[in-house]
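See below for the structure under consideration.
This structure is a prediction, so every number in the text was calculated from the model and none was measured.
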Amino acid sequence: MEEKKVRQRAKSKKLRVTFPDGRVICYPRAVDTFVAVLREIGSERFPEITLEMSHLPLLSREIYPEFKNWMKPVCDGWYVNNQSSNDQKYMQLRSIGKSLDLGLTVELGEDFEPQQNPGKERTRKSKSKLSVRLGEADEWLCGANMQETFIMVIKEIGIDEVMKRNIGSGGRDLITRYRQSAAQVEIADNRWLNVPGTTRDKLKLLKVIASHLRLKIEAKLE
């Protein structure tokens with residue numbers, strides 16, 4: 001009897017990028033790492049990037065009609081043409097890092113331990129919803145996901161009111177005037193929020209905010 005040959009699916013390659021200050025970006029999908037690194041570099045330097053993809057600039061302020069399904073938004077109205085393999089993305093980031101003298105260490109491998117992408121909620125945990133009540137209000141604040149609820153609470157309390165308390169999140173200011181990392185979410189003009197990545201950290205930070213503002217905050221998971 002002939003033995004059946006089992007074809008094992010090859011592991012997908014991941015990108016891992018280390019900045020000179022020790023920060024590391026490595027997400028499960030190479031494209032997410034690629035875009036996150038570009039955001040960290042900042043749009044003010046995009047005009048210096050001269051790489052092309054299919055005879056068109058890799059980065060553009062317009063969506064090329066013939067590549068509309070491949071154009072990924074980066075930041076500040078810029079898009080990157082994502083019609084490339086992981087190996088090509090690796091070479092592109094190496095070239096960008098070298099041409100801009102960024103001191104990046106760019107690696108491509110199968111066995112890197114990826115980080116959770118802070119820009120995306122884990123679908124497995126999306127079944128639980130966070131509800132928050134402020135003070136003696138009758139209404140509970142509850143968004144489509146935990147991140148949305150957290151942002152609703154900050155806005156309800158007052159973005160500037162929270163900002164002036166200099167509360168930290170993950171070693172950084174909770175709210176900044178300028179974007180300092182790809183993980184931040186813009187919640188108002190010139191107001192960028194560092195949203196905690198886990199449910200535990202969100203609840204912990206809500207308690208810290210309540211303590212600073214001497215405000216009663218109730219939270220529950222449903």
Side-chain angles (χ1 to χ4, degrees), residues 10-110 112 114-123 144-145 147-148 151 172 175-195 197:
K11 292 182 179 180
S12 60
K13 293 181 180 179
K14 301 179 184 67
L15 278 172
R16 183 169 67 188
V17 180
T18 305
F19 287 78
D21 61 4
R23 287 176 300 138
V24 177
I25 297 179
C26 179
Y27 297 143
R29 299 173 66 228
V31 61
D32 292 335
T33 301
F34 188 68
V35 171
V37 171
L38 289 173
R39 287 173 180 164
E40 285 288 334
I41 292 171
S43 60
E44 66 276 3
R45 303 211 65 182
F46 289 173
E48 301 175 51
I49 299 174
T50 59
L51 293 180
E52 294 186 348
M53 173 63 66
S54 300
H55 306 293
L56 291 169
L58 179 67
L59 285 152
S60 170
R61 285 186 173 277
E62 64 175 297
I63 295 178
Y64 306 134
E66 62 269 46
F67 299 112
K68 62 181 180 180
N69 294 329
W70 298 96
M71 301 297 286
K72 298 281 290 186
V74 182
C75 61
D76 302 328
W78 285 84
Y79 297 85
V80 63
N81 188 344
N82 179 48
Q83 194 188 37
S84 59
S85 66
N86 292 354
D87 295 83
Q88 289 174 308
K89 290 181 177 66
Y90 163 75
M91 295 302 298
Q92 288 166 347
L93 284 180
R94 280 177 57 91
S95 177
I96 291 170
K98 184 176 180 180
S99 65
L100 300 185
D101 195 24
L102 299 174
L104 302 179
T105 299
V106 184
E107 301 169 278
L108 184 68
E110 298 177 349
F112 296 149
Q115 307 158 330
Q116 178 187 354
N117 188 340
K120 297 183 178 181
E121 289 285 328
R122 288 185 177 179
T123 54
N145 53 53
Q147 175 173 298
E148 186 175 305
I151 294 172
R172 299 186 179 188
I175 303 174
T176 60
R177 294 182 183 276
Y178 306 99
R179 190 174 203 174
Q180 297 178 352
S181 83
Q184 287 182 285
V185 178
E186 187 175 20
I187 56 175
D189 290 341
N190 300 319
R191 295 295 183 268
W192 294 85
L193 178 68
N194 278 303
V195 182

Can you tell if the side chain of [X] reaches within under 4.5 Å of the side chain of [Y], non-hydrogen atoms only?
| X | Y | result |
| --- | --- | --- |
| F46 | C75 | yes |
| L104 | F19 | yes |
| F67 | L56 | yes |

If we ignore hydrogens and angles and just use 3.5 Å, is the side chain of [X] paired with the main-chain N or O of [Y] as donor and acceptor?
| X | Y | value |
| --- | --- | --- |
| E148 | N145 | no |
| T176 | R179 | no |
| E48 | S99 | no |

- Would one find more than 12 heavy atoms of other residues, nucleotides or ligands at under 6.0 Å from atom CG of D189? no
- Message: Around atom CZ of R177, are there more than 12 heavy atoms from other residues, nucleotides or ligands closer than 6.0 Å?
- Response: no
- Query: Excluding sequence neighbours, so at least two apart, what forms side-chain contact (heavy atoms from CB on, under 4.5 Å) with E186?
  - Reply: W192
- Could you pull out all residues at least two apart from E44 that satisfy side-chain contact (heavy atoms from CB on, under 4.5 Å)? none
Taking all atoms of both residues into account, what is the closest heavy-atom pair of [X] and [Y], and its distance?
| X | Y | answer |
| --- | --- | --- |
| W70 | Q83 | CE3-CA, 3.6 Å |
| A36 | I25 | CB-CG2, 4.0 Å |
| K13 | E110 | CG-CG, 4.1 Å |
| Q116 | Y27 | O-CE2, 3.7 Å |
| Q184 | N194 | CG-OD1, 3.0 Å |
| V35 | P73 | CG1-O, 3.8 Å |

- Task: Drop me the distance from Y79's OH to I63's CD1, to the nearest 0.5 angstrom.
- Result: 4.0 Å
- Message: Working to the nearest 0.5 angstrom, can you tell me the gap between F34 CZ and R39 CZ?
- Response: 12.0 Å
Taking distance alone, no hydrogens or angles, what donor-acceptor pairs closer than 3.5 Å link side-chain atoms of residues 89-97 to residues at least two apart or in another chain?
from	atom 1	to	atom 2	distance (Å)
K89	NZ	N82	OD1	2.9
K89	NZ	S84	O	2.7
K89	NZ	S84	OG	3.2

- Task: Among V17, L102, V74, find the residue that satisfies the side-chain contact (heavy atoms from CB on, under 4.5 Å) test when tested with V37.
- Result: V17
- Go through the steps for E52 and L58 under the test side-chain contact (heavy atoms from CB on, under 4.5 Å), then give the verdict. CA-CA 5 Å; E52 294 186 348; L58 179 67; over 6 Å; no
- What do the steps show when you test T33 against K14 for side-chain contact (heavy atoms from CB on, under 4.5 Å), and what is the final call? CA-CA 8 Å; T33 301; K14 301 179 184 67; over 6 Å; no
- Query: Hey, mind stepping through I49 and L100 against side-chain contact (heavy atoms from CB on, under 4.5 Å) and telling me if it holds?
  - Reply: CA-CA 8 Å; I49 299 174; L100 300 185; 4.1 Å; yes
